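Below: one structure, written as structure tokens.
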Amino acid sequence: MRYNSPMSSFHYRQGTLHCEDVPLAHIARAVGTPCYVYSYSAIRERYLRLDRALSGVPHLICYAMKACSNQAILRTLIREGAGLEIVAGGELYRALAAGADPRKIIYAGVGKRTDEIANALRSDVLLLNVESAQEMKAIEGIAAGLGKQAHVALRLNPDVDPATHPYIATGLRQAKFGMEVGEARRLVRGRQRLAHVEIVGVHVHIGSQITQLAPFIEATQRVVAFVRSLQAEGLTIRYVNLGGGLGIAYQDERPPSLEEWATALAEVAASLGRTLILEPGRALVGEAGALLTQVLYTKQNTARRFVVVDAAMNDLIRPSLYDAYHPILPLEKARGQATPVRVDVVGPVCESSDFLAVMNAGAYGFSMASNYNSRPLAAEVLVRDNTYFLIRERQALEDLIRGEHVPTFLRDEG
Ligand code: LLP
């Protein structure tokens with residue numbers, strides 16, 4: 001099993017679960033739980049592997065920061081040359097605060113507000129991905145007002161089934177994302193009317209946690225055919241953005257490797273000779289993070305055994321939202337003969353105050369956390385070699401009511 005391999009960023013040494021060279025129990029005791037822990041080298045190495053796999057073609061890797069957007073994680077990738085894919089004004093703010101080069105930022109998303117588009121244009125982001133004719137019109141108007149030239153990519157809906165959970169499938173015709181080829185072509189034909197917009201790219205993103213190559217290849221083929229047809233109309237595209245979506249092994253999935261994914265897509269798109277863009281999120285950070293939690297109680301009724309831990313759905317919503325599976329490991333392996341039992345948190349028998357690690361929680365873990373039940377957001381820690389760094393403090397109770405106002409009529413008079 002991979003957690004026994006010292007090559008893995010999370011692994012057991014003498015029965016103790018480590019992230020790189022740091023025993024996770026140290027972090028759990030010092031920082032408290034629940035707490036997200038990320039491996040610096042794991043994230044960096046995955047990015048570099050992808051970058052190397054694409055070295056034969058002009059390319060840009062734009063990390064989909066929605067997967068995990070802590071400033072330290074963004075910097076880890078930015079420093080290696082990564083661009084960022086953003087989907088909201090708040091992400092633009094985070095990206096720029098982390099020192100991202102706006103010329104490597106791509107702004108995607110079906111519902112960009114006027115102020116968000118204006119800020120992106122003022123910041124000179126590389127591309128805005130356009131998802132509808134109305135959005136194109138809005139961008140034209142906003143760019144005109146700012147005296148700017150907007151560079152856009154058309155997001156196609158390729159009508160490809162990514163064979164993933166329906167909530168994270170985006171490339172089927174019934175999805176809200178992108179435009180059908182006919183609609184995209186109409187926008188291209190009407191481009192003379194757009195004095196402040198230049199169509200320079202084509203974008204596709206068919207979904208997330210995709211574990212086969214075939215849907216990626218099919219979508220890429222449609223993009224290639226579309227870009228060729230645009231050439232026939234006299235429009236030369238500079239950027240071919242094939243999105244993200246590569247899955248990871250949560251359980252027994254066998255997704256293609258980063259190299260297999262990148263080379264397969266590059267092969268299909270290479271004949272176009274354009275700059276290839278990829279927007280991976282999960283594949284870069286998913287396996288590089290774990291959520292540490294403490295066992296509070298164990299209990300049993302006539303139907304089941306329960307292990308009650310101090311991390312909840314507000315910390316990691318993926319199981320409740322997508323029926324997602326995350327392996328759970330004890331920070332200390334049981335000594336001697338322990339009989340495994342089936343509990344609602346799968347693992348060996350746990351005594352109170354045992355610590356557990358919920359694995360593969362680096363992507364869409366903290367970034368989807370909420371304050372539900374008025375639970376403060378968890379702390380985040382980055383491990384590098386034998387050192388760990390607190391990269392986000394646990395939220396304080398005062399943070400929970402920051403910005404709330406009580407109208408005067410509800411205030412008790414002194
Ligand atoms: N590009 C675009 C336009 C996207 O919408 C997404 C993710 C990505 C790239 C990155 O996809 P990735 O490489 O991470 O699969 N919350 C869900 C995942 C939602 C993904 C949304 N879009 C989950 O926890 O599984």
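Quick caveat: nothing in here was measured; it's all calculated off a predicted structure. We count ligands from 1, going down the list as the structure has it; atoms in each ligand are counted the same way.
- With respect to the salt-bridge test (charged N to carboxylate O, under 4.0 angstrom), the residues Glu131 and Lys112 do not qualify.
- Classification of the His11-His18 ring pair by plane angle, with boundaries at 30° and 60°, yields parallel.
- Every side-chain hydrogen bond (donor to acceptor under 3.5 Å, both in side chains) that Asp399 has, sequence neighbours left out, goes to Arg402.
- For Tyr239, there are no ring pair (Phe, Tyr, Trp, His ring centres under 6.0 Å) partners at least two apart in sequence or on another chain.
- A salt bridge is absent between Glu198 and Arg191; no separation between the charged side-chain nitrogens and carboxylate oxygens falls under 4.0 Å.
- Looking at residues two or more places apart in sequence or on another chain, you find no ring pair (Phe, Tyr, Trp, His ring centres under 6.0 Å) involving Tyr107.
- If you look at ligand 1, the protein residues with a non-hydrogen atom under 4.0 Å away are Ala64, Lys66, Glu85, Arg155, Ile168, His203, His205, Ser208, Gln209, Gly244, Gly245, Glu279, Pro280, Gly281, Arg282, Arg318, Tyr322, Tyr364, Met368.
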